[in-house]
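When reading the values below, keep in mind they use all heavy atoms of this one structure, side chains included, and skip hydrogens, waters and symmetry mates. What you see is a predicted model; the values in this text were computed from it and never measured.
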Amino acid sequence: MAAAAEEEEGEGGKMAAGGGCCLRPFSCEQGLLSRPDGSAAFLQGDTSVLAGLYGPAEVKGSKELPDRTALEVLLRPKVGLPGVLERSREQQLRGSCEGVLLGVLHPRTAVTLVLQVLSDAGSLLSCCLNAACLGLLDAGLPLSSLFCGVTCALRPDGTIVLDPTTRQEQEACAVLTFAIASVERKVLMATAKGSCSVEEMQQCLAAAQRAADTIFQFYRDSVRRKYSKS
C-alpha cells in the first residue's frame, strides 16, 4: 500500500510557517476489488473510504444522455441507510467528477461510482473526493485533469486547521471543503458549514490549494509505484 506520513499523531495539521501545510498521514491502494472496472481505497488519518467504479456500460431507461456519459454517484454510510446528508454529498461529488470526466467520449453510456465509508474520523467529504479520483484513474476513464479534496477548519482564534479530525471540526466556527483540479488549481466545488468572512474563506482556499500540491504528488507517486510493479 502506498503511504505518505506528514503529520502529528491523529490530529489535523495547522498551517505551517512559511506558507507550507501539513496533513494527517494518508495512504491508498488501487485495484482492490475484482468486480468493478476500477477501485481504490483512500485513508486520511483514521478516515477511510473505498471506491468502486462501474462502466462505461449500457444505460437503462431514461438515464441515457445523447451527448455524454451519465454519471451516478452513490455514497454508502458505514452503518445504516443513506440519508439527506449522503444525498447532498452525492450531488457535490458528482459535480466534481463531471467537472473533469471527458464524458463526451462515451455518449449514451453510464458510469456508476460507489463510495463506501469504512471509517469517519473527520474530513470525510475530502476523503471521498480523493478516493473517487483514484477510482476513476484505476478504471482508466479519460479525465481533463486530476482532482482532490481538502477540508479546512477555521478556529475561533482565526487559525486554519487542514484535514481536521472530528473533534477539531466540532470545535471550529466554520468547516470548508474544496474540490481542486490539478490544472491551474481551479475550484470544482466548495461547501461550507458554519460562518466565516469572505477574507477568511479566501485564506482557507489558498491553504487548500497549497495542500493540494502535496496530494497530487502523492497521486503521481502512487500510480508510478503501481505500474513499476506490474
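- A208 and L162 make their closest contact through N-CD2, 4.4 Å (heavy atoms, listed as atom of the first residue, atom of the second, distance).
- Atoms CD and CZ, on Q44 and R24 in that order, are 6.0 Å from each other to the nearest 0.5 Å.
- The two residues A174 and C196 come nearest to each other via the heavy atoms CB-CB, 4.1 Å.
- Tracing side-chain contacts under 4.5 Å through hydrophobic residues (I, L, V, M, F, W, Y), one never reaches M189 starting from F178; they form parts of separate clusters.
- Taking E98 as the reference, nothing meets the side chain to side chain donor-acceptor pair (under 3.5 Å) condition, with sequence neighbours excluded.
- A distance of 14.0 Å separates CG of L205 from CD of E200, quoted to the nearest 0.5 Å.
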task = With side-chain contact (heavy atoms from CB on, under 4.5 Å) as the test, would you mind laying out the steps for R89 and L124 before giving the verdict?
result = CA-CA 10 Å; R89 286 179 168 172; L124 178 61; 3.4 Å; yes

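- No continuous path of hydrophobic side-chain contacts links L53 to L65 [ILVMFWY only; heavy atoms under 4.5 Å].
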message = Could you go through Q217 and D213, starting from their C-alpha distance and side-chain angles, then the distance that decides it, and tell me whether this counts as side chain to side chain donor-acceptor pair (under 3.5 Å)?
response = CA-CA 6 Å; Q217 184 59 53; D213 292 335; over 6 Å; no

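- Looking at heavy atoms from C-beta onward, C127 lies out of side-chain contact with S48 at the 4.5 angstrom threshold.
- Every residue two or more places apart in sequence or in another chain was checked for a side chain to side chain donor-acceptor pair (under 3.5 Å) with S182, and none qualifies.
- Rounding to the nearest 0.5 Å places OH of Y219 at 8.5 Å from SG of C28.
- Taking 4.5 Å as the limit, some side-chain heavy atom of P56 sits within range of a side-chain heavy atom of V111.
- If you chain together hydrophobic residues whose side chains sit under 4.5 Å apart, L134 and I180 never meet in one group.
- When each of V175, D163, L23 is tested with T151 by the rule side chain to side chain contact (heavy atoms under 4.5 Å, CB included), just one qualifies, namely V175.
- Here S39 contributes atom OG and L32 contributes atom CG; the two are 5.5 Å apart, rounded to the nearest 0.5 Å.
- Comment: R87 engages E90 in a salt bridge, judged by a side-chain N to carboxylate O separation of less than 4.0 angstrom.
- V59 is not connected to Y54 by any chain of hydrophobic side-chain contacts under 4.5 Å among Ile, Leu, Val, Met, Phe, Trp and Tyr, and they are in different clusters.
- The minimum heavy-atom distance between V49 and C128, with the atom names listed, is CG2-SG, 3.9 Å.
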task = I would like to know whether V100 and L146 meet side-chain contact (heavy atoms from CB on, under 4.5 Å); could you show each step before the answer?
result = CA-CA 7 Å; V100 300; L146 302 177; over 6 Å; no

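- In this structure, the side chains of Q203 and C152 stay at 4.5 Å or more apart for every pair of heavy atoms.
- Note that the CG atom of L102 and the OG atom of S144 stand 5.0 Å from one another [nearest 0.5 Å].
- With rounding to the nearest 0.5 Å, the separation of SG in C173 from CG in D157 is 8.5 Å.
- Heavy-atom minimum distance, K78 versus S119: CD-CA, 4.4 Å.
- In this structure the side chain of V114 never reaches within 4.5 angstrom of the side chain of Q116, judged on heavy atoms.
- Residues F147 and L129 share a closest heavy-atom pair of CE1-O, 3.3 Å.
- In the hydrophobic cluster analysis, where Ile, Leu, Val, Met, Phe, Trp and Tyr join through side-chain heavy atoms closer than 4.5 angstrom, L125 is grouped apart from L74.
- With hydrogens and angles ignored, the 3.5 Å screen pairs no side-chain donor or acceptor of T165 with any backbone N or O of A121.
- Between the side chain of E171 and the backbone N or O of Q168, no donor-acceptor pair lies under 3.5 Å.
- Taking Q202 as the reference, V198 meet the side chain to side chain contact (heavy atoms under 4.5 Å, CB included) condition, with sequence neighbours excluded.
- Taking 4.5 Å as the limit, some side-chain heavy atom of C148 sits within range of a side-chain heavy atom of N130.
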request  = Decide side-chain contact (heavy atoms from CB on, under 4.5 Å) for L105 and T69; before the verdict, give the C-alpha distance in whole Å, the side-chain angles of both, and the deciding distance to 0.1 Å.
outcome  = CA-CA 8 Å; L105 299 180; T69 296; over 6 Å; no

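- The shortest distance between side-chain heavy atoms of L143 and L101 falls below 4.5 Å.
- Listed here is the closest heavy atom pair of L136 and C97: CD1-SG, 4.2 Å.
- Using bins of under 30°, 30° to 60° and over 60° for the plane-to-plane angle, the ring pair F42/F218 lands in the perpendicular bin.
- Using a 4.5 Å cut-off on side-chain heavy atoms (C-beta onward), F216 and R185 make contact.
- When the shell of 6.0 Å around CZ of R68 is examined, it contains 12 or fewer heavy atoms from other residues, nucleotides or ligands.
- Side-chain contact between P77 and P82 is present, with heavy atoms from C-beta onward closer than 4.5 Å.
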key: Pair T177-T191, side chain to side chain donor-acceptor pair (under 3.5 Å): steps then yes or no   = CA-CA 5 Å; T177 299; T191 181; over 6 Å; no

